[in-house]
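Structure first, commentary second.
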Amino acid sequence: MYFLSGWPKRLRCPLETLEQPLHIQTDPQRAFFAVLAPSQLSIWYSRPSVLIVSYKELSKPASQFGPYKQAEWRPDSTMIAVSTANGYILFFDIPSSRDKYLYEPVYPKGSPHVKGTPRYKEEQCAPSLTLEMKKVLDLQASITSLQSMLEDLLVATADGLLHLIHWDGMTNGRKAINLSTVPFSVDLQSSRGSFLGFEDIHIKDMEYCATLDGFAAVFNDGRVGFITPVSSRFTAEQLRGVWAQDVFDGTCVAVNNKYRLMAFGCANGSVQVYTIDNSTGAMQLSHKLELTPKQYPDIWNKTGPVKLMRWSPDNCVVMVTWECGGLSLWSVFGAQLICTLGGDFAYRSDGTKKDPLKISSMSWGSEGYHLWVIDGNCSLNAGCDIDTKNEAHQLGILQFQFIKSALTANTCMSNQEQVLLQGEDRLYLNCGDATQAQNPRSASAHSDHKPIRERGPFLEGSLDSQGLSTLLGHRHWHVVQIHSTYLESNWPIRFSAIDKLGQNVAVVGKFGFAHYSLLTKKWKLFGNITQEQNMIVTGGIAWWNDFIVLACYNLSDRQEELRIYLRTSNLDNAFAHVTKVQAETLLLSVFRDIVILFRADCSICLYSIERQPEGPNPTASIQVLQEVSMSRYIPHPFLVVSVTLTSVRTETGISLKMPQQACEAESIMLNLAGQLIMVQRDRSGPQIREKDSSPNQRKLLPFCAPVVLAQSVENVWTTCRANKQKRHLLEALWLSCGGSGMKVWLPLFPRDHRKPHSFLSRRIMLPFHINIYPLAVLFEDALVLGAVNDTVLYDCLYTHSSARQHLEVLFPFCIVERTSQIYLHHILRQLLVRNLGEQALLLAHSCATLPYFPHVLELMLHEVLEEEATSREPIPDPLLPTVAKFITEFPLFLQTVVHCARKTEYALWNYLFAAVGNPKDLFEECLMAQDLDTAASYLIILQNMEVPAVSRQHATLLFNTALEQGKWDLCRHMIRFLKAIGSGESETPPPTPTTQEPSSTGGFEFFRHRSISLSQSAENPPNKFNLQKTLSMPSGPSGKRWSKDSDCAENMYIDMMLWRHARRLLEEIRLKDLGCFAAQLGFELIGWLCKERARAARVEDFVIALKRLHKDFLWPFPVIPACSVNSPFKNGKYKTAVGEQLLKSQSADSFLNVEMDTGVSSAPQSHSWLSTINSSQRDMDTVSSHGPHMQDAFLSPLFNKGDECSIGSATDLTETSSIVDGDWTMVDENISTLSLTQSELEHISLELASKGPHKSQVQLRYLLHIFMEAGCLDWCIIIGLILRESSIINQVFILMQSSDADGEIWQNIKTGLHAVDRWASTDCPGYKPFLNVIKPQLQKLSEISEEQVQPEAFQPVNPCKVTEQASPRAEESRSLTCHSTSPQSDSGSNSVSRHEEDMSGAEEEDPLQEGSYECTVS
């Protein structure tokens, strides 16, 4: 509503002789303010804040009159009356010397400002005024209160008299009224009231209320009352008084004319707000304003008595201050907006307490943008403010600045979904940047102003209106600076409005108006300034599509008008559509294509508005539809706060049959001084059928008598849209009721179009509390938008003692932040309380697509649980079982319950689970529903509620399921959890699975901590690959304990489960899953495989294993090309040595060299690499695993049978060494001049097609390496077969003959290969060429194994490998390369992890992705 902005400012006075002020009073127009000092009266101009004139009393009369006390302005601002301590009233005349100004603006040369504009000077410069004392009146008793009342001045004195004095200083011939003769009673109906009866009773404070025609008074004994003339004459005989029965400690009073409220400050620090009962005339307590111990535990009962209260100029808020200091701001019906007794206002940044600001007087500035405050502390010790003589004198007058909601002045904004705040020179919008807000809805929704806006299926994030992302996107406001040219002559801004799409805003100042487009970032002002200065907008301003609708008074024609301007044309009356109006318009609102005006004669007029497209500039025409007189029901037109048309009505049954009628203008909503009155159309008479009537007659149904819907209403929100899916929310009426929260008038629909129950009301009013002040309602999204004051301390910047009095030190910097709140759970709960569960379900299902719907259910459950479980008295009819049953209707039931439990203290769990069910059952339901993350949360509940054995049993169940499903993060948590149970660490439950530590490499961190030298033998894996080295395991105490107690039973228990899972994966030939499992959980795969070599790690059926690997790794089966007869590889140009070498380049260590930046070109510089195949092999490997193109294009040529490698083949590599360098332009002529025929191209493309995805290749090589180290040679053979690389097979054969290989393994391999050969012959001939290549080795090996020949005989196959066999046990690692000589050895760790990433990412990919790998030939 109202929000503090920035720091307060302190006024400086040019006069050194000025005394410290003690009272401040703005004039009725709030253009000037008077400042009283003990013997001085000064008049200041409010904008800019400059001193105009000061009157100093001479010492002799000053001692006679006594110090000045209070001042009161005459309603036309031409006189001022000042009361003094000795009972005198001084009347000062303020003649204005015309055309004389104290300050003139100076403009730079060539500026557009012209001095000839009408009223130019008085707007921009302070007028010159003089002060003349006209009359002195001696009332012979000290004056306690001074109040201007129409043409008279009402003065209360300490001798119990009321004086009615005319402004010319005459007593008007009426004698003073003695209060003891005024009868007082509880209400005005009682025939005779009692008199005050005591001589010494007098009025301490009073204020006149024009709309109640009387004045509220506080007596010196603390009683409060209301005094009103029974007839029009203000004499003692005609006055009657009414007591407020419960107040005996009143201190001060402030009256709200618009809402007919009287606020009485009390000595206990609270404010009691009363209203007058219309029927009896009694005083009724409306509400209280008091600080709560919950919000202000330190100060709530130590504020002292209320000292001052002031209602804002628009009567929307009241400012309250106490004797002990501090300011607090409250809305009309008691919502607290600001209080300076807590937070940064009360405490410094170092935590010490500040002295609160003590206020001796305050007054609101124009339109409520400023509050003038006299600092009581400065008045007491004036010395603190006297600066050096050179500087201007610092006054104790502070100016607080406010930003307010556009709703305070322009209530037609209540059907918008944007929050719009207006400051004195800028606007704050929450709709974000309009250039980004070009969303689907804005484009089409209102272009043809369709009566019903349908929403498409709810897409993720495509929320309605401007979209939640725009309306809620960030905390910052979109600030629009109001054009300075317009502000100069039209300050202050009175109204502002934003269009439905949030792309255009309009502002109204003193005269005329201006509008701004957020898309073009440009203002439009009147080209002709005379037109602007000739119109005063009276009833507000509204947007209708591209048109601006406003009601104004035409000064030149002295005529009330209704005008419509087109946004896109120039701002000129020539393009406006003008309609004359009978009486002054007080309020204006637009509903669909109808404009509704409320006029000063208490009548409501409806106009239809229609677009006229013809002509160069489209215009809009207006026709009167209907006039309704409300004078019977409205005592004073000023009391009407807002008027709006709605489609809301009570018979929802009719709107069910005819949904199109739900969009008609069915009723008028009037907010009459906080009472919401609904005037419905009367459908009881003969109905006009649609087709028989012209469109204009259709709307002429008469209105019924008004009905009061609600009390204490500050704002009303309704929408003109319709949405069949969310009818509850869109056809509801939303009310903001100040301190008592919000209310919604909700329609109730029968389910499935059944006949509604006769006993069921058609609508229901549901109250609910929210924590923010509502400024807008997002209907479909079930959100309330608001704003809230926040503060920032800067006192640490000023450390010297001289800076202590800086306002930046005394006050925090105030900012306004956007805020929002969900309200759906409140409504669902209210419906359940009233046994309307069916309606609650309908409403909830319509909102189930909202992104925060799970949160709504959780909030509802949590709030009911907290209330009922912590209640001291037994609850006769608990709501928790109903809420629990309601939540089970939604699939999110299990998550909702567990999230609620995790956020609630342990003591309440038994109460919760008594209502929702046993956590063990809920855990099992989660497992059945495959919702493992939620099951993990239930495990934490079970751990706290059950014995360890039960939680271990359930944890084991979950661990096995998580292993099966490959939920690795969860598995890691479960391992930790089980260890925690085992070591008695039940007091630190594992974190919820939702807060997993993110692993940058996708979880394949197992190899991060392995030494890059992979020459570790399989004999001692435990110390090398201990699990304590894994990153994925939680560090901290549990990690340490793990390594410490690695031989404890709990670890054994977990290891058994891991071994069992690994065994199952191997038996089911799920190698891909096995790789992921090992890498993700840091499972010690090599050591385990060594143990299982003869058992689980043995391949039973080579053919099935081969087929399964093809399927798992998306590896295509090889095919024989039709063109193989003419293959270019038959001729001698391609020596098979090159092919063989290229094959070797893909041997088992290739997984080490994936890094793209390893600097391939450095490899050939050393010529020693020619002598060792291993190093050349590694260099080629860099290429092969670098780019799939190179790899795919040159690898795996088919061999001629019987070709064998020769040692000299290494030299063939020098011819193609440029390939190693990655330089494709310098390839040997033999290759570059080779012209490929069609068949050759086909052959190469076929070769490419027979390769699997690059990722699968990397994963297979990784597994090959693992199996090699573990000595599972049969698996190595299968991987060699699938990769179709004879070098792998050769390597295995060499290992077989060099080591004491198990005869069984050898036999198994031989049988397996024969089986594959048979299978290839019948089912997969593509394998035959490769099997033929390795057949000679197989035969040789089988012969040698029978004869036990020494391995040196096989030197030609791989001479380097043979010479390297230093010890028979090192074969597994030596078969890989020796890394100490590798030029890339330092980058090895990265390359390993890259392979691991590929493996760990594998489980996330869809297993059927063959189509996503495309092969291209470069």
Side-chain angles (χ1 to χ4, degrees), residues 406 410-413 415-416 446-449 486 494-501 503-509 511-517 523-528 531-557 559-599 604-627 643-645 665 695-696 699 720:
N410 197 25
T411 51
C412 71
M413 280 291 299
N415 56 8
Q416 303 292 67
H446 295 276
S447 51
D448 310 320
H449 34 274
Y486 181 74
R494 294 183 300 130
F495 306 114
S496 60
I498 186 166
D499 68 348
K500 275 201 163 40
L501 304 179
Q503 293 177 359
N504 301 288
V505 283
V507 291
V508 173
F511 302 102
F513 74 98
H515 62 87
Y516 174 83
S517 162
W523 280 95
K524 267 193 186 173
L525 276 60
F526 272 96
N528 183 343
Q531 290 183 2
E532 178 189 275
Q533 301 288 321
N534 254 332
M535 66 187 279
I536 299 177
V537 176
T538 55
I541 186 166
W543 286 90
W544 178 74
N545 300 334
D546 255 0
F547 294 91
I548 297 158
V549 184
L550 53 88
C552 65
Y553 178 68
N554 187 332
L555 289 168
S556 55
D557 298 354
Q559 171 68 50
E560 300 289 342
E561 293 173 345
L562 176 63
R563 296 188 183 180
I564 297 185
Y565 291 84
L566 178 66
R567 176 184 65 83
T568 49
S569 62
N570 287 342
L571 202 46
D572 194 289
N573 292 347
F575 302 116
H577 183 277
V578 181
T579 306
K580 292 186 178 176
V581 183
Q582 302 309 312
E584 182 191 347
T585 303
L586 298 182
L587 292 165
L588 167 145
S589 180
V590 175
F591 174 85
R592 295 228 166 78
D593 302 338
I594 299 174
V595 179
I596 178 169
L597 299 187
F598 177 76
R599 304 188 299 212
I604 288 171
C605 193
L606 304 180
Y607 293 86
S608 73
I609 177 170
E610 212 177 321
R611 193 184 175 97
Q612 303 282 317
E614 58 268 3
N617 282 309
T619 58
S621 66
I622 277 186
Q623 284 181 317
V624 180
L625 282 179
Q626 198 168 0
E627 289 200 33
V643 60
T644 177
L645 265 178
N696 291 339
K699 301 201 169 77
C720 54

Using the ring pair (Phe, Tyr, Trp, His ring centres under 6.0 Å) criterion, which residues pair with [X]? Sequence neighbours excluded.
X      : result
Phe513 : Phe526, Tyr565
Tyr607 : none
Tyr486 : none

Can you pull out every salt bridge (charged side-chain N to carboxylate O under 4.0 Å, His left out) where at least one residue sits in residues 562-578? Sequence neighbours excluded, please.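 Found Asp546-Arg567, Glu561-Arg563.
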Looking at every heavy atom in both [X] and [Y], which two are closest together, and how far apart are they?
X      : Y      : value
Leu645 : Phe591 : O-CD1, 3.2 Å
Ala542 : Val590 : CB-CG2, 3.8 Å
Met535 : Leu550 : CE-CD1, 3.6 Å
Ala406 : Met413 : CB-CG, 4.3 Å
Ala514 : Leu525 : CB-CD1, 4.1 Å
Asn554 : Ser556 : OD1-OG, 2.9 Å

Sequence-distant partners of [X], side-chain hydrogen bond (donor to acceptor under 3.5 Å, both in side chains), two or more places apart:
X      : result
Ser621 : Gln612
Ser517 : Thr520
Glu532 : Asn490

Give every residue pair that meets the side-chain hydrogen bond (donor to acceptor under 3.5 Å, both in side chains) criterion with at least one member in residues 578-591, sequence neighbours excluded. none
For the pair Gln559 (side chain) and Val581 (backbone), establish whether a donor and an acceptor sit closer than 3.5 Å, ignoring hydrogens and angles.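 Side chain of Gln559 to backbone of Val581: a pair is present.
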Just by modelled atom types, is the Asn504 backbone N or O under 3.5 Å from a matching donor or acceptor in the Asp499 side chain? yes
Any side-chain heavy atom of Val505 sitting closer than 4.5 Å to one from Ser496? no
Would Ile596 and Ile604 satisfy side-chain contact (heavy atoms from CB on, under 4.5 Å), going step by step from the backbone distance to the final call? CA-CA 7 Å; Ile596 178 169; Ile604 288 171; 3.7 Å; yes
Drop me the distance from Arg599's CZ to Glu627's CD, to the nearest 0.5 angstrom.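 That separation rounds to 4.5 Å.
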Partners passing side-chain contact (heavy atoms from CB on, under 4.5 Å) against Ala506 (at least two apart in sequence or in another chain):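 Only His515, Ile541, Trp543 meet the side-chain contact (heavy atoms from CB on, under 4.5 Å) criterion with Ala506.
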Checking Arg494 now: which residues fulfil salt bridge (Lys or Arg N to Asp or Glu O under 4.0 Å) with it, not counting sequence neighbours? none
